[in-house]
Amino acid sequence: MTETKRVIDVGYLARVEGEGSIRVEVENGTVGKVEFGIFEPPRLFEAFLRGRKFVDAPDITARICGICPVAYQMSSTHALEDALGVSVDGQLRELRRLLYCGEWIESHVLHVFMLHAPDFLGFQDAIQMAADHGEVVKTALKMKAIGNDILEVVGGRAVHPVNIKVGGFYRAPTKEELHPLREKLEWALAAMMDSTKLIATFPFPDLERKYDFVALHHPDEYALNEGEILSSRNGAISVAEYEQNYTEQHVERSNALQSVNKDGEPYLVGPIARFNLNYDQLSPAAKSMAEEVGLKPPVINPFKSILVRAIEIIFAFEESIRIIDQYEEPSESYVPLEPRKSSGSACTEAPRGLLYHRYDIDDDGLITEAKIVPPTAQNQLTIEDDLREFATNHLHLSDDDLTWQCEQAVRNYDPCISCATHTLKVKIDRK
Amino acid sequence: MTIATKQNLESIVGAPRPAKILSVDRNTDDVWTLRLEGQGAFGPGQFNMLYVLGVGEVPISISGSPGKTDELLHTVRGVGGVTNAITSLKAGQSVGVRGPFGTSWPMAAAKGRDVVIVTGGIGLAPLRPAIYHIIENRADYGKVSLLYGARTPKEMLYADEFDSWRETGDIEVLTTVDAAIGAWDGDVGVVTTLIPRASADISDAVAMICGPEVMTRFTVAGLAERNQSKDNIYVSLERNMKCGTAHCGHCQLGPKFVCKDGPVFKFTDVAHWFEKREV
Amino acid sequence: MSEAAAKPTLAVWKFSSCDGCQLSILDLEEELLDIVGAVEIAYFPEMTRAVVKGPYDVSLVEGSVTTPEEAERIAEIRENSKILITLGACAVAGGIQALRNFDGADAHAWVPTVYAHPEYISTLSTSTAISDHIDIQGSVQGCPPNKYHLLELIGSLVWGRTPNLPTHSQCLDCKVKGNVCVLVAHGTPCLGPVTRAGCGSVCPSYHRGCYGCHGPAETPNMDALTTRWRSLGVAEDDIVRGRRMFYAWDPGFVGPGEEHHKQPAAETTRGQGSI
Amino acid sequence: MSTVMDVQAVYTLIDSLKSDGYEVVGPRLRDKALGYVAGTNGSDLPAGLGDDQSPGNYRTRDRGDGALFGFRSSPQSWRRWIFPPNAEVWSARRDNDSFVVDTSAPDSMKVAVIGARACDVAALTIQDKVFLDGQFQDPAYKARRENLLIVAVNCSLDADSNTCFCASMGTGPRVQAGHDIALTEIIEGDKHYFVADAQTDEGSRILEGISGAPAGTDEVAAADSAISNVADSMGRKVDADGLPELMNESYESPRWTVVGERCLSCTSCTMVCPTCFCTNIEDSGDLNGVATRTRSWDSCFTLRHSHIHGGAIRNTNKARYRQWAIHKMGTWQEQFGTSGCVGCGRCITWCPSGIDITEEVTAIREEA
Ligand SMILES: Cc1cc2nc3c(=O)[nH]c(=O)nc-3n(C[C@H](O)[C@H](O)[C@H](O)COP(=O)(O)OP(=O)(O)OC[C@H]3O[C@@H](n4cnc5c(N)ncnc54)[C@H](O)[C@@H]3O)c2cc1C
Ligand code: SF4
Ligand code: SF4
Ligand code: SF4
């Protein structure tokens, strides 16, 4: 075969959030340039946050991403509370975990069943899949709705919740409002156990990689909102040290800002990193299901992220039930805050991984500087490396199959390109 | 003439009754007449609420003869969501009907007197039952003049009936258009310019007016110039209507509910409100 | 709804935005299968990799125009669509990113504050509504839009009627819901009186003032509300910031004495029925 | 004949209404206001709480006297239980070339309102005129109305009225007609009791089951004087003399321009008003071929209220405020033989702009 040049080009990557593309160039049988391109236009959030009141940050940053607004609201509130030296405890802290579980459920179920499962089963989309697997899709939609129910009760609505306030909540939900969720969650937990068994039977393409896993780690719980930043290679650091250890590069070679660890290497954030680093803290049913389907840390095949997400969905259902069961209405819905010149940062675990926010504010509570590093930006180099290695090992596939599987490999990360505020259209020279 | 009897009240307040469309005729580019199964007695000037499944319901005057109760005519101009849906219905389909609602033209009070009818555009539809009534009871009325204005000759409603109204009906039909497009050698100008030419004795005639509010205002003034007493003027008015039963509140004009106190009013009963803006 | 007719084709397009409007379609969990039964999803990359070639009966457009490429792309989509409806605050009014449009803000000056190599960035100095660039047939308001309004829109297309979308003020729905007015009873500044209803009066239900995420109501009286906010003790800067959120660039949210400095949003985005 | 009851007996009254199958709607502290909520127990009553109201402002306060009904107009009236803000009227399905309608029978839940004020009961009798006494009867309203029981409370505790002005509208502070039971709450030193009167057979039947002594002349006199004291000291008032005529002639008043600049057209006044009856009717259809008609509260402050093809008739805030005020205080009289305003003061308190209809009427009278 006298193959010269083959180009896998996915101009508009489907079933991801935001606008992205893939380009893999193969020349004389070897993989050359690999680009996970992002052409989401810049929206300049960090610029227009300047001069806004700190209390507006959760509402404004939520608009970075309609898929995981709670992640932005959580990271921004925690960062500002860090700046003002306040910590939000007790039931308010539990409510925040509950809210986050709602987002994990909604986002993970959407990704696992609607966006990713069709790849494994060979369908263009979940609607096609529904023709053969009607019950699976219907069950998934019902589970997703429960995530949204949590967001609506605790946050006011599913997309861009309104109830999140720096210092707590505008209004704490009543027990009567939370209680009806419980029965649905019980159903969903059982349903997700069954669905996980099904997902475990999916054909997972071969790929094994050595990653630096990075996730929050908390001594007492599966970390969502708080903890140290733990790296499988470099150990733990505090959130305050994030910017010294992880840096963003704006390089022309790539299409976007990309994060690297202190060794200048790519790293991986998200479900697999969390699972590998915090496995012991998973809830009982989540852990036993992981065992049942033979999933144990370290997971190094990125295609298994779908199964890890399934386990995290089980965790989120269980955790939600736990929180609702112990819930008592707090006497105050927030901790009052007085602005002063200060600076603070926070990381939380967005469904797609670590989300870093840092703010400087002045004595009037006006934001003077903001920095946001979303998970998709951090995973970008890793995604390209996955693609390179995967393509190298699978050159025997037809163009169509290779294209589809490259897409699938990118979807392993559930890349949320809208999130990647740092990623943008770059002028690239092509030969 | 109030037609709503106790037996049919329930159905008027409640859900529309499906009525089969017997035929659909196109009158002009955007006006169509639907012939429906009969609904029973009604008074000239009354209206029905017409409903298209899943689309909406609007007030539409009855445009057929009150003497013919086996069929129900509605002439509709497609101007928006619901009326466009109505005009695209076909024979054999059904349209929902509630009614008839509202007051009628003063056919009894006009007995033995001259009648002058002034109208424009689609406003002729609610007056056609009055014209039919006059023709069918011609001996009851004196001289009858119909003064009708349309924007263009093409938009003139029921033009094919004018000759028979003139000949068999002994009705004076005077027409005018705003713009003489096409083969038109008739009058050009607003409808009020026809008033001086009417052969009915305006000073003592009963006047029936239906058209846009500005037209009605000018007509009332034009008739007054011919020494007509405002007591003899009747107007049909238009307001937003949602229920037809004076419950939704939308059709108020001062103290009047246009759906039940109107649409046909003795002009002096509404003059106070009618003469002001944004009421 | 004529069963015999072919299903209308629906395309969903994204411009500068957060994806939340599209997600609101996927959030119609109970109705999603009915929707795909009633319309043919011809282009909706967030949901499917399958693509049906245009022209499309209906295009739903999310996001604002912030790059030269986007300005070109929207014109092509217009060519390819019989009915084009804009979804959400970004598409309707430029979104939060329209804060760059105001005097003193300069997107080109902002870029270096965010990016190390501004020379790689291509962006416009304004974020503008879709209707500033092309004609549209209607819009669904909100940041995010109410998912049931999207359902109503799709339903109205299928039945051939004008969608029932509110244009009145938030207060009507807030009172219907039985909320206690936070402005009157708590002294909390609320944009509800000038904001379009449709979200379900979410904020007052959670004891906070409406922040205007459904855009201006049909006849917003910003001057009168500003007077009231002053009497509640809200500082002038905060009053300005209060209206400069997701509909900052909508003429309906321009404050007393202010005027639009750059290209205004087109009138077509507001009004009765709006389809 | 009047009976005297203590606080405990009021609680018992509520329990007995419940065991008679009534859904009890009563006042309760919720969202920092004293409003009517369904599912009331005796312990939910806002003992010792009162309120302060002024144009555009409402705050609760501690009275320190344990009064159960020591508050004035609630944020909204309880009309929603008789006239719901959103209701499906019917649904329909295609049937070949026609359609079939499914009209669900009007629901007829038994509702008892406890703590209803004279103004709101007067407002109910006005709504009866709108929905029952005209040419057409509203069957849904009728069904709910027939199943309504009212335990009214005369206003006897607060002398200054804040925003209400029932005395000048002739509707209160003593409840006049339309109720089943009337209570008057009296607090004198450490004495705290209620004088109860039944107005209907159902009211008598219910009172008979509650322990209470026949009221003595002192107690009846205390109740009467407390009520008339409230009436006499009600600060706010509207000069009702020749009011409809004044309003009918007021179209050109320059005052409408002044108030039109303050009005937000937010609809709040119409939503909280206990006599407003406008509704919007919406037809829609879902993706399964089911068409529905819903009826929901509407307001003359919306554009669609006066929309006819080509645009709204009342486009300006000025015209809409004028329509509302002239209707309430003027044209209503010709329509229904009564004023459209009962003087509850809600539109004053709950107007975000703090527009005060009594002040507007006074200004119009002065300018006339
Ligand atoms: C008593 C009466 C008799 C009428 N008779 C006829 C007739 O015989 N033929 C005819 O073609 N038209 C008649 N009309 C006008 C007709 O009702 C309107 O053209 C129609 O309501 C427009 O509805 P739409 O949905 O097509 O338009 P849109 O402009 O989309 O209207 C939206 C909604 O507003 C309301 N609305 C709009 N215009 C009017 C209006 N003029 N009057 C009342 N409500 C309105 C309706 O509820 C309508 O659904 C009559 C109106 C009244 C009040
Ligand atoms: S809380 Fe806001 S939206 Fe609700 S009634 Fe009050 S002012 Fe209007
Ligand atoms: S109340 Fe206002 S800000 Fe809040 S969700 Fe609704 S429209 Fe948006
Ligand atoms: S009078 Fe007040 S409450 Fe009524 S619409 Fe105007 S601003 Fe709103």
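Reminder, nothing fancy here: chain letters follow the sequence lines and each chain counts from 1.
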Only pairs of heavy atoms separated by less than 4.5 Å count here; which of [options] has the most with chain B?
{"options": "Glu252(D), Arg293(D), Glu249(D), Gln323(D)", "result": "Arg293(D)"}
{"options": "Asp102(D), Asp95(D), Thr279(D), Asn96(D)", "result": "Thr279(D)"}
{"options": "Val130(D), Thr292(D), Ile313(D)", "result": "Ile313(D)"}

What part of [X] gets within 4.5 angstrom of chain B, counting heavy atoms only: side chain, backbone, both, or neither?
{"X": "Ser91(D)", "answer": "neither"}
{"X": "Asp298(D)", "answer": "side chain"}
{"X": "Arg320(D)", "answer": "neither"}
{"X": "Asn280(D)", "answer": "both"}
{"X": "Glu282(D)", "answer": "neither"}
{"X": "Val89(D)", "answer": "neither"}
{"X": "Asn248(D)", "answer": "both"}
{"X": "His309(D)", "answer": "side chain"}
{"X": "Ser306(D)", "answer": "backbone"}

Quick check: are there more than 12 heavy atoms from other residues, nucleotides or ligands sitting under 6.0 Å from NZ of Lys129(D)?
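Check passes, neighbour count above 12.
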Heavy atoms from other residues, nucleotides or ligands near OH of Tyr251(D) exceed 12 (cutoff 6.0 Å):
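Enclosed.
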Holding to side chain to side chain contact (heavy atoms under 4.5 Å, CB included), I want the full list of residues that pass it with Pro75(D), two or more places apart in sequence or in another chain.
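Pro75(D) satisfies side chain to side chain contact (heavy atoms under 4.5 Å, CB included) with Val180(C), Ala33(D), Trp350(D) once adjacent residues are dropped.
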Against chain D, work out which of Gly92(B), Ala19(B), Gly80(B) has the most heavy-atom pairs shorter than 4.5 Å and name it.
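Option with the top pair count is Gly92(B).
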For chain B, which residues of residues 330-339 of chain D have heavy atoms nearer than 4.5 angstrom:
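Under the 4.5 Å heavy-atom cut-off, Thr331(D), Glu334(D), Gln335(D), Phe336(D) qualify.
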What residues of residues 253-277 of chain D sit under 4.5 Å from chain B when you count only heavy atoms?
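Counting heavy atoms that sit under 4.5 Å from chain B, the residues of residues 253-277 of chain D involved are Phe277(D).
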Shortest non-hydrogen separation from [X] to [Y] and the atoms involved:
{"X": "His305(D)", "Y": "Asn240(B)", "result": "O-CB, 3.7 Å"}
{"X": "Ile281(D)", "Y": "Cys243(B)", "result": "CD1-CB, 4.0 Å"}
{"X": "Trp90(D)", "Y": "Gly14(B)", "result": "NE1-O, 3.9 Å"}
{"X": "Ala15(B)", "Y": "Val101(D)", "result": "CB-CG1, 3.3 Å"}
{"X": "Leu53(B)", "Y": "Ala291(D)", "result": "CD1-CB, 3.8 Å"}

Nearest 0.5 Å, please: how far is [atom2] in [Y] from [atom1] in [X]?
{"X": "Lys242(B)", "Y": "Asp283(D)", "atom1": "NZ", "atom2": "CG", "answer": "8.0 Å"}
{"X": "Arg295(D)", "Y": "Cys248(B)", "atom1": "CZ", "atom2": "SG", "answer": "9.0 Å"}
{"X": "Gln135(D)", "Y": "Phe257(B)", "atom1": "CD", "atom2": "CZ", "answer": "12.0 Å"}
{"X": "Gln93(B)", "Y": "Phe99(D)", "atom1": "CD", "atom2": "CZ", "answer": "11.5 Å"}
{"X": "Arg239(B)", "Y": "His307(D)", "atom1": "CZ", "atom2": "NE2", "answer": "13.0 Å"}

Contact listing (chain D partner; residues 260-279 of chain B; heavy atom under 4.5 Å)
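Within residues 260-279 of chain B, the residues that come under 4.5 Å of chain D (heavy atoms only) are Lys260(B), His272(B), Trp273(B), Lys276(B), Arg277(B), Glu278(B), Val279(B).
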Looking at Phe131(D) versus His247(B), is the centre-to-centre ring distance below 6.0 Å?
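Between His247(B) and Phe131(D), which both carry aromatic rings, the centre distance is below 6.0 Å.
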Under 4.5 Å from a heavy atom of chain D, the part of Val52(B) involved:
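Val52(B) has no heavy atom closer than 4.5 Å to chain D.
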